[in-house]
Engineer: 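Sharing a structure, written as structure tokens. Questions coming.
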Amino acid sequence: MSIEQCYNLDDFRKLARRRLPSPLFHFMDGGADDETTLRGNTSAFDACQLLPSTLADISDLDISTTVLGHKIDWPVIMAPTGINRLFHHEGERAVARAAAKSGTIYSLSTMSNVSIEEIGALTTGPKCFQIYIHRDRGLTREFVQRTKAAGFDSLCLTVDTLVAGNRERDLKTGMIMPPKLTLKSLASFATHWRWAYNYLTSEKFELANLTNNQRAGAEKLISVIDYVNSQFDPSITWADAEELIAQWDGPFAVKGIMTAADAKRAVDIGATAILVSNHGGRQLDGAPSAFECLADIADAVGGKADIILDGGIRRGSHVLKALAMGADACSIGRGYLYPLAAGGEAGVTRALSQLRAEIERDMILMGCDRVAKLDRSKLRASGLDVQGFGGQVTAQLQNNSAILPRVVA
Ligand SMILES: Cc1cc2nc3c(=O)[nH]c(=O)nc-3n(C[C@H](O)[C@H](O)[C@H](O)COP(=O)(O)O)c2cc1C
């Protein structure tokens, strides 16, 4: 199987699974505890349907939008994800280039393998840096200064990672630090010769933003999880976030907001974007899906900040449902990580253009030529409305459940 045989993100996921040693695939693919939130992120989109409309003249289709102070060509941006070098030797560089080519925002994680400075110089595309508030506030200020100096356009504060989530797939494969790989995991590294060759013959693995940084304790850095648990400050408050917003003084997103109350507070302290997210189901298992929280948050924010949704987006139709429900844009994590693992920059480029094409095609089928025209009137709740039919239709469908199982369920 090659990237040319991948027609959607599920195909890319299958190819990523083949290309990666299994501990790495599971690290990327997995979520916290029982993974109910992880699964719910995608399945929640089935709760509503997109209404087609026709004969509406959509010869002048334009799916551009503006978020985080930037006009982007299409309403999907790249979410920040750490240690991309594990998934492909081109790592973050590949994703940043593909995002710039597709005319959208690239977000660099604090935990990246490529530095703020290098990504700043790599492309002319719009860029966001994802930051955490560290116990050492001097280190946080240092990141802000470096991000400004490197020409990034926006800052995104992640607030849902005060402690690392419980990812049990990693415990089972031994993808913990220091690694405790099982025989099966070791065999998987040995048999993925292409990955192993590229990994061993390219630059060494490092957390590039922290390397040589005495403040970050880089010299005694053992792992990402150790870093999260030792360096991130679990005592942070809204006042700390407000101070950071003032320091940055530009487009600023708070990432990991899941309630209307928190969204309002973020707007009150000056956030210009709310990132509705449960960290791709990797933190609090049992939390609702991001999509389920979206309507309340959009209503509470009432246009005072951009709303960006992430979690579970695997299709253009998911993006359209989120936009119609109240988001201004969506962001994707695994949606570019699977393609990265499957085929580096070429994989990401192909996947982004397919996702964009899905959005454009569906907009045409919905008779809608601008994303700003997507609203809740374009959605309906899934399932049959049989009011007025005296239950006869329901009974008929129940008899026909082999043909229409999902509708009846
Ligand atoms: C492998 C991986 C690493 C991630 N690393 C980070 C990170 O460093 N910072 C962060 O704010 N979010 C991180 N996330 C969460 C993403 O930014 C995003 O919220 C999530 O991937 C969205 O869900 P999706 O993967 O279903 O699109 C990570 C997600 C994955 C899958």
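Model, not experiment: these values are computed from the prediction. Note that these values count all heavy atoms, side chains included, but never hydrogens, waters or copies made by symmetry. Residue numbers start at 1 and run along the sequence shown. Note that ligands are numbered from 1 as they come in the structure, with each ligand's atoms numbered from 1 the same way.
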Engineer: Is the closest basic N to carboxylate O distance between Arg314 and Asp10 below 4.0 Å?
Structural biologist: no

Engineer: Below 3.5 angstrom, do we get any N/O pair linking Ser331 and ligand 1?
Structural biologist: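 In this structure, Ser331 places no N or O atom under 3.5 Å from an N or O of ligand 1.
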
Engineer: Note the single closest protein heavy atom to atom 24 (P) of ligand 1, along with its residue, its atom name and the distance in Å.
Structural biologist: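 Heavy-atom neighbour on the protein nearest atom 24 (P) of ligand 1: Arg334 NH1, 3.5 Å.
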
Engineer: Considering both backbone and side-chain atoms of Phe27, is one of its nitrogen or oxygen atoms within less than 3.5 Å of a nitrogen or oxygen in ligand 1?
Structural biologist: no

Engineer: Might you point out which heavy atoms bring Thr110 and Ile131 nearest each other, and give the distance in Å?
Structural biologist: OG1-CA, 3.5 Å

Engineer: Taking the cut-offs as 6.0 angstrom to the six-membered ring centre and 45 degrees off its axis, would you call Arg85 and Tyr199 a cation-pi pair?
Structural biologist: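 Geometry flag: set, cation within 6.0 Å and 45°.
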
Engineer: Please determine, by modelled atom types, if Ser188 and Ser185 share a side-chain donor-acceptor pair under 3.5 angstrom.
Structural biologist: no

Engineer: Considering distance alone, does some N or O of Ile332 sit under 3.5 Å from an N or O of ligand 1?
Structural biologist: no

Engineer: Between Thr81 and ligand 1, which part of the residue brings a heavy atom under 4.0 Å of the ligand: side chain, backbone, both or neither?
Structural biologist: both

Engineer: In the protein, what heavy atom is nearest to atom 26 (O) of ligand 1, and what distance, to one decimal place, separates them?
Structural biologist: Gly312 N, 2.8 Å

Engineer: So, is the end of the Arg146 side chain (NZ or CZ) under 6.0 Å from the ring centre of Phe152 and within 45° of the ring's axis?
Structural biologist: no

Engineer: Give a yes or no on whether Arg18 atom CZ has more than 12 heavy-atom contacts from other residues, nucleotides or ligands under 6.0 Å away.
Structural biologist: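 No, CZ of Arg18 has 12 or fewer neighbouring heavy atoms, counting only those of other groups under 6.0 Å.
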
Engineer: Just to confirm my output: which protein heavy-atom neighbour is closest to atom 13 (C) of ligand 1, and how far is it?
Structural biologist: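 The closest heavy atom on the protein side is Pro80 O, 3.0 Å.
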
Engineer: Would one find an N or O of Met111, backbone or side chain, under 3.5 Å from an N or O of ligand 1?
Structural biologist: no

Engineer: Are there over 12 heavy-atom neighbours, none belonging to Leu200, within less than 6.0 Å of that residue's CG?
Structural biologist: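 Atom CG in Leu200 is crowded, with more than 12 foreign heavy atoms closer than 6.0 Å.
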
Engineer: Output, in order, the C-alpha distance, side-chain angles, deciding distance and verdict of side-chain hydrogen bond (donor to acceptor under 3.5 Å, both in side chains) for Asp310 and Ser277.
Structural biologist: CA-CA 5 Å; Asp310 82 18; Ser277 170; 2.7 Å; yes

Engineer: Out of all atoms in ligand 1, which are within 4.0 Å of some heavy atom of Arg314? Include the element for each.
Structural biologist: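 It comes down to these atoms of ligand 1: 24 (P), 26 (O), 27 (O).
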
Engineer: Mind checking whether Leu337 contacts ligand 1 via backbone (N, CA, C, O), side chain (CB onward), both or neither, at a 4.0 Å heavy-atom cut-off?
Structural biologist: side chain

Engineer: Heavy-atom contacts under 4.0 Å between His318 and ligand 1: side chain, backbone, both, or neither?
Structural biologist: neither

Engineer: Can you tell me the protein heavy atom closest to atom 11 (O) of ligand 1 and the distance?
Structural biologist: Thr158 OG1, 2.7 Å

Engineer: Distance under 4.0 Å to a non-hydrogen atom of Ser277: what atoms of ligand 1 satisfy this?
Structural biologist: 19 (O)

Engineer: Check for me whether Asp310 has a heavy atom closer than 4.0 Å to any atom of ligand 1.
Structural biologist: yes

Engineer: Before accepting this row, confirm whether a basic side-chain N of the pair Arg169/Glu35 lies closer than 4.0 Å to the acidic partner's carboxylate O.
Structural biologist: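 Result for this pair is yes, salt bridge flagged.
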
Engineer: Please state which protein non-hydrogen atom is closest to atom 5 (N) of ligand 1 and give its distance, to 0.1 Å?
Structural biologist: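 Sorting protein heavy atoms by distance from atom 5 (N) of ligand 1 puts Gly82 N, 3.1 Å first.
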
Engineer: Which protein heavy atom lies closest to atom 8 (O) of ligand 1, and at what distance to 0.1 Å?
Structural biologist: Ser109 OG, 2.7 Å

Engineer: So which heavy atom on Asn209 is nearest to which on Ile116, and how close?
Structural biologist: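 Heavy atoms only, the tightest pair is OD1-N, 2.8 Å.
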
Engineer: On the 0 to 90° scale, with breaks at 30° and 60°, tag the Phe143-Phe129 ring pair as parallel, tilted or perpendicular.
Structural biologist: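 Tilted.
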
Engineer: Could you see which bit of Tyr132 sits under 4.0 Å from ligand 1, with heavy atoms only: side chain, backbone, both or neither?
Structural biologist: side chain

Engineer: For ligand 1, which atoms have a heavy atom of Gln130 less than 4.0 angstrom away?
Structural biologist: 7 (C), 8 (O), 9 (N), 10 (C), 11 (O)

Engineer: Could you identify the single nearest non-hydrogen protein atom to atom 21 (O) of ligand 1 and state the distance to 0.1 Å?
Structural biologist: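 So the nearest neighbour among protein heavy atoms is Gly333 CA, 3.5 Å.
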
Engineer: Hey, looking at atom 12 (N) of ligand 1, which of Met78, Lys255, Met28 has the closest heavy atom?
Structural biologist: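 Residue with the shortest heavy-atom distance to the ligand atom: Lys255.
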
Engineer: Find all atoms of ligand 1 within a distance of less than 4.0 Å from any non-hydrogen atom belonging to Gly280, and give their numbers and elements.
Structural biologist: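 In order of numbering, the contacting atoms are 19 (O), 20 (C), 22 (C), 23 (O).
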
Engineer: For the OG atom of Ser109 and the CE atom of Met111, what is their distance to the nearest 0.5 Å?
Structural biologist: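 So the OG of Ser109 and the CE of Met111 are separated by 6.5 Å.
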
Engineer: Can you spot which of Arg350, Arg93, Lys101 makes a salt bridge (charged side-chain N to carboxylate O under 4.0 Å, His left out) with Glu345?
Structural biologist: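 Looking at Arg350, Arg93, Lys101, the match for Glu345 under the salt bridge (charged side-chain N to carboxylate O under 4.0 Å, His left out) is Lys101.
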
Engineer: Tell me the protein heavy atom at minimum distance from atom 1 (C) of ligand 1, and give that distance in Å.
Structural biologist: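 I find the closest protein heavy atom is Arg282 NH2, 3.5 Å.
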
